[in-house]
Amino acid sequence: MFNSLKIFLHQGKQYIPDLRAAKAPGVFRGRPVISTEKVDEQALASVCPSGAISTSPVSIDLGRCLFCGECERCFPGKVHFTDDTHLATNVRERLIIREGEDKPIELDKEAIRPEIRKIFRNSLKLRQVSAGGDGSCEAELNATGNVQFDLGRYGIEFAASPRHADGVLITGPISGNMAKALELTYEACPEPRIVVLDGTDAISGGMFADSPELDRSFLENHQVDLYIPGNPAHPLTVINGLLDLTKK
């Protein structure tokens, strides 16, 4: 008993009391800000390995961004990654950060299906599908349930079976050999059901966007309710995105 008390006093409270206001460590790259400084725009765009940077005016698509920070290292006066972890949205266009703008990324409340907040505001179970993922987003999703983040405190959990889930959370670029499995998993979820894309690979294909080995037809046939950018997405980004979607 005394040893347990000593450990508790030494470690303190491990959980994060307020995930809404929590900050990520200093090494974290969150929402970027693009200044109006004049630079060689073509050179800036060329440093991006995934083609996330567009020119005239300069913009960064967080749905394609790998958050590698190469653009900031090469053009520190033009691009700066903040520590803002609130990156999720339900409108794909809102993931595009434009030159001269410094505003938070938010959900379009009018675009949220009414049944989502009516049915899932107190309890949400998701079936996570790794559709060709590299394991990084999956690892961060595991972290959402640890003692620090404790996603379950909000009634949001991952289900082992799609028949017990309210929708699917997809990681990975959706490889051809996972396309059918993903569709079957989604169909096994009872209605109403939601679709969440977690990570750059899931949102756009990432580095594999032009690969013939992908089959992203699932996204053409089903509405996406939440985009969670990141490579991988930080647990705070995942949790706050899901809370913004389901909670009033």
Side-chain angles (χ1 to χ4, degrees), residues 63-64 88-92 95 107 111-146 149 151-152 154-209 211-235 237-247:
R64 301 179 66 181
T89 183
N90 57 341
V91 179
R92 180 67 176 85
L95 292 181
L107 274 72
I112 300 175
R113 290 185 285 144
E115 60 266 30
I116 291 179
R117 288 187 169 177
K118 179 181 179 180
I119 298 174
F120 304 138
R121 67 178 181 269
N122 293 321
S123 176
L124 176 67
K125 303 294 184 288
L126 294 171
R127 179 66 173 105
Q128 193 268 316
V129 180
S130 178
D134 61 5
S136 59
C137 283
E138 293 81 357
E140 294 300 286
L141 288 175
N142 286 337
T144 63
N146 67 21
F149 299 104
L151 176 60
Y154 299 108
I156 303 175
E157 298 174 327
F158 294 101
S161 168
R163 298 193 183 281
H164 302 155
D166 302 308
V168 293
L169 185 151
I170 305 166
T171 57
I174 312 182
S175 59
N177 62 354
M178 280 299 297
K180 184 62 176 180
L182 174 59
E183 184 67 39
L184 290 174
T185 302
Y186 175 78
E187 291 176 356
C189 298
E191 294 185 352
R193 51 202 172 195
I194 69 173
V195 175
V196 179
L197 300 183
D198 177 35
T200 298
D201 287 350
I203 295 173
S204 68
M207 291 292 289
F208 313 101
S211 172
E213 299 302 319
L214 300 187
D215 181 355
R216 295 176 58 81
S217 57
F218 177 89
L219 303 180
E220 300 171 3
N221 301 322
H222 303 291
Q223 176 182 344
V224 176
D225 296 290
L226 188 66
Y227 300 92
I228 308 177
N231 191 50
H234 192 279
T237 304
V238 175
I239 293 171
N240 282 296
L242 293 173
L243 290 179
D244 288 340
L245 178 68
T246 58
K247 312 296 183 185

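What you see is a predicted model; the values in this text were computed from it and never measured.
- Every side-chain hydrogen bond (donor to acceptor under 3.5 Å, both in side chains) that Ser136 has, sequence neighbours left out, goes to Asp134.
- Taking the six-membered ring where tryptophan is involved, the planes of His222 and Tyr186 are tilted, since the angle between them lies from 30° to 60°.
- Distance check, rounded to the nearest 0.5 Å: CZ of Arg193 to CD of Glu187 gives 7.0 Å.
- Closest of all the heavy-atom pairs between Phe149 and Ala143 is CD1-O, 3.3 Å.
- Here the side chains of Cys137 and Asp201 are not in contact, with every heavy-atom distance at 4.5 Å or above.
- Among all heavy-atom pairs drawn from Met178 and Gly132, the shortest one is CG-N, 4.1 Å.
- In this structure, CZ in Arg113 is found 7.5 Å from CD1 in Ile194, a value given to the nearest 0.5 Å.
- Gly133 and Pro173 make their closest contact through N-CD, 4.3 Å (heavy atoms, listed as atom of the first residue, atom of the second, distance).
- Contact of the Arg92 side chain with the Ser204 side chain is registered, since non-hydrogen atoms from C-beta on lie closer than 4.5 Å.
- Here the CG-CZ distance, from Leu182 to Arg127, works out to 11.0 Å after rounding to the nearest 0.5 Å.
- With a 4.5 Å cut-off on side-chain heavy atoms, Asp225 and Asn90 do not count as touching.
- In this structure the side chain of Ile203 reaches within 4.5 angstrom of the side chain of Pro229, judged on heavy atoms.
- The backbone N or O of Arg121 lies less than 3.5 Å from a partner atom in the side chain of Lys247, making a donor-acceptor pair.
- In this structure, the separation between CD on Glu140 and OG1 on Thr171 is 12.0 Å, given to the nearest 0.5 Å.
- Using a 4.5 Å heavy-atom threshold, the side chains of Val238 and Val196 count as separate.
- Counting heavy atoms from C-beta on, the side chains of Tyr154 and Leu242 never come closer than 4.5 Å.
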Worked verdict on Asp215 versus Lys180 for side chain to side chain contact (heavy atoms under 4.5 Å, CB included): CA-CA 9 Å; Asp215 181 355; Lys180 184 62 176 180; over 6 Å; no

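- Here the shortest heavy-atom pairing between Ser123 and Asp166 reads O-OD2, 4.1 Å.
- Note that the CD1 atom of Ile170 and the CD atom of Gln128 stand 9.5 Å from one another [nearest 0.5 Å].
- Note that the CG atom of Leu169 and the CD atom of Glu138 stand 9.5 Å from one another [nearest 0.5 Å].
- Of all the heavy atoms in Leu107 and Ala88, the pair that sits closest is CD1-O, 3.4 Å.
- Arg163 CZ: 12 or fewer foreign heavy atoms inside a 6.0 Å radius.
- A distance-only check finds no donor-acceptor pair linking the side chain of Arg64 to the backbone of Gly206 [under 3.5 Å].
- The two residues Phe120 and Thr246 come nearest to each other via the heavy atoms O-CB, 3.7 Å.
- Formation of a donor-acceptor pair under 3.5 Å by the Thr200 side chain with backbone atoms of Gly230 is found in this model.
- Phe208 has its side chain out of reach of Ser175: every pair of non-hydrogen atoms, C-beta onward, lies at least 4.5 Å apart.
- Looking at Arg216, its side chain does come within 3.5 Å of a backbone N or O of Ala202 through a donor-acceptor pair.
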